[in-house]
Amino acid sequence: MKWVRRAAIIFLLAVALACVFAERLAPADYAHQFRDIPDAPASAAHWLGTDDLGRDRFSRVLHGTRISLLLAPAAALIASFLAAVVGGTAGFVGGALERAVMSGTDLFLSLPWFFLLITVRALMPLNVSPITSVIITFALLGCLGWAAAARVVCADARSLKNSDFALQARASGSSGYRLLRHHLLPNLRPVLYAQFWISIPVFILTEANLGILGLGVSEPLPSWGSLLRELEGYSSVTSNAWQFAPLLLFISVVSCFHLVVLDRELPA
Amino acid sequence: MAKHVAIILVTVLLGGLLGATLIRFAPGYGVDEQELDARLSAGSIEALRRASAPDENLFLFYGHYLKRMVHGDLGTSRTLQRPIAQLLRERLPDTMKSVGLGALLGWALGLALAIPVAMSRAWLVDALASVMAGILLCIPVAVLALLFVLTRAPARLVIALIVFPKVFRYARNLLVRSAALPHVLTARAKGLSHAGVFVWHVLPLAGAQLLALAGVSVSLAFGASIPVEVVCDLPGIGQLAWKAALGRDLYLLINLTMMVAVVTLAANSASDLLGGAFGRSEA
């Protein structure tokens, strides 16, 4: 399966490169309206046609992909950091603190993720600038998505703390800080990397769901959620097939993320 | 059993406190929209402010909230101007039907494909089902619901397609691992049929863990119900939660979230208890 993983990484790198150079590759600004040609079919000037407001769909796909591909990893970084702090501390200290923190994490996990997300999103103002809406959406994903990862990190930190090399380090006079800094944190890194990569496709999918429901990134800024929301206006699957290009790209990118983390994700 | 009931109770109380905190300190709490009506006199506005004046103390506020909840009064929805208890009574059965049917079909499909893959090494079924599960895991629920609307397929099946990939992947890996254990291989070498090996040797090993996943799939199905009901215009609590989020109707949202949390916790506890009983009976 190594070649499949390599192909997935190459595809993701190609998409990331296209997004980095979005300004050069895109034929128009993502918000520019060609008012005389709304809902135009694919052509040499507009590779994926235009949307109902006359905006070039290819440009919007490039910019939308850039936003999602940049901010989903940022949210995953926040979630992994919180998981490391909460789970790592609980696992390292152990005892009553670990039990209390893990009970809190279990309570957090028992609340349905999407219900919790839209409840907290509703607390934030909905009528905000597009940039603020992007920050709110992805910051929320990062701040609410740590719990499952924290459980894994806690279990790993506990087992590392009780491992032979940690016992030997302690017996040799290593202080708690030294043990944490030189022995536990470096060994926790693979788990944190895995949790980071697993979180990215989850956050991309959640942002898309929020965007389709009108609770994600606000217009005119494109994101995958707002791009996929266009599907609501279509009358059938067969007419205007090029309009499904954003969906195909979305599925390809999320599939590639899944393939990259496949060996870390499967439980058995 | 008592432990599970205690966990549910603690979750509801702590979740309720968190919800009350969110409501109490949310921007705009205690402000009535009618205050913006230019026709009202200063006296009327003052009377409105007194009527909707918030409790200063959070715990006092939470105490009043709990007292009303015990009497079946969950408050009034600000956006729909109707009692929340009544809204829940009307909409919950529809969502339960969707979630129940979806979870059941998802499990049936997942197991129907995972069992032959694990027992008879049907590589073609394995490849096709794995690709199907992989693709379904990459499509947002809302898009899947939109595609169902476009193709005029029954919308409730979307939840089944959300539950299926998780069940299939987990069950497949679990069953394949159990089927490769030495005593199972010995039973097979001695000529026991596929069905016999599955019922007497594989299922007892994997049953408890599969039951644990059942509780998780209920939570998954409830989460999927929001986009499905919104996109397919099904009048359930998922759609209600979305309307409440757009209207910043926090009372309604917190009550909905707590209620769904209780249902999912009860499902998790039931699956834990069943799994435990299954494990003990097999031991």
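Just so it is clear, the structure is predicted and the values come from calculations on it, not from any experiment. So that the names make sense, note that chain A is the first sequence line, chain B the second, and so on, each numbered from 1.
Counting heavy-atom pairs closer than 4.5 Å to chain B, the top residue among A:Pro201, A:Ser103, A:Ser255 is A:Ser255. Residue with the most contacts toward chain A among B:Gly134, B:Gly238, B:Ala142: B:Ala142 (heavy-atom pairs, distance under 4.5 Å). By number of non-hydrogen pairs under 4.5 angstrom with chain B, the leading residue of A:Leu228, A:Leu117, A:Ile204, A:Leu205 is A:Leu205. In terms of heavy-atom pairs under 4.5 angstrom with chain A, the leader among B:Val260, B:Leu265, B:Val263 is B:Val260.
None of B:Asn255, B:Thr76, B:Thr79 except one satisfies the side-chain hydrogen bond (donor to acceptor under 3.5 Å, both in side chains) rule with B:Asp249; the exception is B:Thr79.
For A:Leu210, no part lies near chain B; criterion is any non-hydrogen pair under 4.5 Å. Contacts of B:Leu246 with chain A are made by both backbone and side-chain atoms, with heavy-atom separations under 4.5 Å. Proximity to chain A is limited to the side chain of B:Val230, based on heavy atoms less than 4.5 angstrom apart. Looking at A:Ile212, only its side chain comes within 4.5 Å of chain B, counting heavy atoms on both sides. Contact of B:Ile139 with chain A is made through backbone and side chain together, with heavy-atom distances under 4.5 Å. Within the 4.5 angstrom heavy-atom criterion, only side-chain atoms of A:Leu215, from C-beta onward, approach chain B.
A pairwise comparison of heavy atoms in A:Pro130 and A:Val217 identifies O-CG1, 4.4 Å as the closest pair.
There is no side-chain donor-acceptor pair under 3.5 Å between A:Ser68 and A:Ser223. In the model, B:Glu229 has a side-chain atom that pairs as donor or acceptor with a side-chain atom of B:Thr95 under 3.5 Å. There is no side-chain donor-acceptor pair under 3.5 Å between B:Thr264 and B:Ser219.
Between A:Trp197 and A:Phe257, the angle of the ring planes lies from 30° to 60°, which puts this pair in the tilted group.
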Q.
salt bridge (Lys or Arg N to Asp or Glu O under 4.0 Å), that's the test. Do A:Arg60 and A:Glu219 meet it? Break it down for me.
A. CA-CA 11 Å; A:Arg60 290 184 64 74; A:Glu219 289 280 347; 3.4 Å; yes
